[in-house]
Amino acid sequence: MDRPRVVLGVAGGIAAYKAVELLRQLTESGHDVRVVPTESALTFVGAPTWAALSGQPVSTSVWDDVASVPHVKIGQGADLVVVAPATADLMAKAAHGLADDLLTNTLLTARCPVVLAPAMHTEMWEHPATRANVATLRARGVVVLEPAVGRLTGADSGKGRLPDPAEIALLCRRLLARGAQPPDLVGRRVVVSAGGTREHLDPVRFLGNRSSGKQGYALARSAAARGAEVVLVTTSALPDPAGVEVVRVTSALDLRDAVLKAATEAEAVVMAAAVADYRPAQRLAAKRKKTATLTVELVQNPDVLAELVAARRPGQVLVGFAAETGDADGTVLEHGRAKLARKGCDLLVVNEVGEDGHPTGFEGDANAATVLAADGASTDIPLGSKDALADTVWDLVVTRLTPR
Ligand code: CTP
């Protein structure tokens with residue numbers, strides 16, 4: 001099989017040094033990468049670095065190797081174009097169709113999915129000119145990732161960091177896995193919850209569950225790759241997916257507040273979190289001392305999904321997850337159908353859980369499920385990666401979103 005052909009555009013920002021790691025991640029996972037830097041990117045990282053690590057020639061200009069017509073050929077031949085970092089200047093040029101170097105020409109000739117990973121100071125990202133350019137690019141189907149929040153070039157912090165290169169590489173892989181299909185969640189705002197909640201007994205101890213958060217992170221990554229603006233409300237400490245706004249929470253009550261707040265602006269909410277049904281009636285301020293026996297009174301937590309259903313915006317698609325085991329009262333799917341009706345959501349992703357060693361058990365990278373829909377439809381997702389399951393869930397959500 002041909003290796004997927006990726007064009008890595010690098011614009012002139014300090015985060016160009018992180019694009020070296022992105023290049024390594026892409027080549028080591030079997031992609032054929034052609035690096036197209038801008039002239040100013042080379043003031044941060046020189047052409048020999050890009051050429052040596054990609055194994056391909058590097059040029060910033062349309063006037064090198066003219067006989068091969070590189071300004072057309074590179075874009076036309078690409079399966080994916082990713083620009084990291086994308087500067088305010090590069091996005092302004094792309095939004096207006098300027099083509100004064102090899103990278104901007106390549107952006108005009110590419111017909112494959114295009115991902116821009118902006119990195120700049122917060123002021124530049126928030127400037128109305130940049131906002132307008134980002135909106136224009138997104139309206140054309142370009143996946144413009146939200147920058148990460150954190151330390152910027154100087155001593156200051158804020159929104160504007162390039163996301164983790166390893167996560168940008170994972171996002172690129174998700175897009176490539178979808179082939180030539182255009183990103184179909186561009187301009188849609190979605191919320192995903194992930195991980196198991198922790199219900200504290202005292203400052204040291206909590207009641208928890210075994211959810212790793214991996215399925216929720218796969219859902220967030222898949223949505224971001226398809227162009228969505230994603231809020232991930234999570235209890236997990238996994239690395240932040242590229243382009244995703246991450247809200248960290250601990251307990252079911254924290255998760256509820258964060259999900260309900262984010263849901264007011266969302267077109268879809270996927271509740272992949274394992275929300276504890278109960279919490280200790282009291283959270284002690286000081287560590288509990290040992291006693292001969294211990295009885296803990298538990299009180300019920302709110303049902304977040306039920307509250308989302310009650311507060312649903314017109315057209316909002318709500319997705320629940322249900323880890324079930326069959327029992328004397330019914331099979332896994334019978335319990336799933338009953339839960340779907342009880343919860344009132346649009347889709348319920350039902351998966352069978354078993355003892356350790358079960359292929360779809362907790363903490364693993366594989367999953368299988370049946371997605372039950374309120375309209376009676378049912379979709380089997382065979383055993384595969386959590387990423388593949390996430391893609392199918394979004395396929396089902398997309399068909400239920402209000403058309404634009
Ligand atoms: N959920 C929720 N709030 C809760 C419990 C669960 O929002 N307090 C959500 C989960 O995120 C999941 C769905 O509801 O998407 C189903 O979770 P599950 O624990 O299977 O549902 P329960 O109503 O608690 O059913 P059961 O009686 O089987 O525990």
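Fair warning: this is a prediction, and the values are worked out from it, not measured in the lab. Indexing begins at 1, ligand by ligand and atom by atom, following the structure's order. This chain uses plain numbering: 1 for the first residue, then up along the sequence.
- Residue pairs satisfying the salt bridge (charged side-chain N to carboxylate O under 4.0 Å, His left out) criterion with at least one member in residues 282-304, sequence neighbours excluded, are listed as follows: Asp303-Lys343.
- Against a heavy-atom cut-off of under 4.0 Å, Asp277 is close to the following atoms of ligand 1: 5 (C), 8 (N), 24 (O), 29 (O).
- Among Gly320, Gly216, Ala273, the residue whose heavy atom lies nearest to atom 10 (C) of ligand 1 is Ala273.
- Inclusion of Ala323 in the set of residues having an N or O under 3.5 Å from an N or O of ligand 1 is not warranted.
- Protein heavy atom in closest approach to atom 13 (C) of ligand 1: Phe321 O, 3.1 Å.
- Among all protein heavy atoms, the one lying closest to atom 7 (O) of ligand 1 is Leu305 N, 2.7 Å.
- In terms of protein heavy-atom proximity, atom 27 (O) of ligand 1 is closest to Arg342 NH2, 4.2 Å.
- In this structure, atom 3 (N) of ligand 1 lies nearest to the protein heavy atom Val304 N, 3.0 Å.
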Name each donor-acceptor pair under 3.5 Å that joins a side chain in residues 8-28 to protein atoms two or more places apart or in another chain, with its distance.
from  : atom 1 : to    : atom 2 : distance (Å)
Glu21 : OE2    : Gln25 : NE2    : 3.0
Arg24 : NE     : Glu28 : OE2    : 2.9
Arg24 : NH2    : Glu28 : OE2    : 3.4
Thr27 : OG1    : Leu23 : O      : 3.0
Thr27 : OG1    : Arg24 : O      : 3.1

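- Where the criterion is an N or O separation shorter than 3.5 Å, residue side chain and backbone included, Ala272 fails it with respect to ligand 1.
- Side-chain N/O atoms of Asn351 and Gln215 include no donor and acceptor closer than 3.5 Å.
- Looking at Thr250, Val249, Leu260 one by one, the single match for side chain to side chain contact (heavy atoms under 4.5 Å, CB included) with Leu255 turns out to be Val249.
- Within the 4.0 Å heavy-atom shell around ligand 1 one does not find Ala252.
- Checking only distances, Val275 never comes within under 3.5 Å of ligand 1, N or O to N or O.
- Residue contact check for ligand 1: Lys343 places a non-hydrogen atom closer than 4.0 Å to it.
- At a 4.0 Å cut-off, at least one heavy atom of Lys339 sits close enough to ligand 1 to count as contact.
- Salt-bridge check for Glu123 with Lys159: failed, with every basic side-chain N at 4.0 Å or more from each acidic carboxylate O.
- Ligand 1 lies within reach of Pro302, whose nearest heavy atom is under 4.0 Å from it.
- Side-chain contact, Thr104 with Asp101: a donor N or O sits under 3.5 Å from an acceptor N or O.
- Checking Thr60 against Glu39 by side-chain atom types alone, a donor-acceptor pair falls below 3.5 Å.
- Within the cation-pi definition used here (under 6.0 Å to the ring centroid, within 45° of the axis), Arg188 does not qualify as a partner of Trp394.
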Criterion side chain to side chain contact (heavy atoms under 4.5 Å, CB included) on Asp375 and Arg400, from CA distance to verdict: CA-CA 11 Å; Asp375 59 17; Arg400 286 165 173 83; 3.3 Å; yes
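- Not a single N or O atom of Ala274, backbone or side chain, sits closer than 3.5 Å to an N or O atom of ligand 1.
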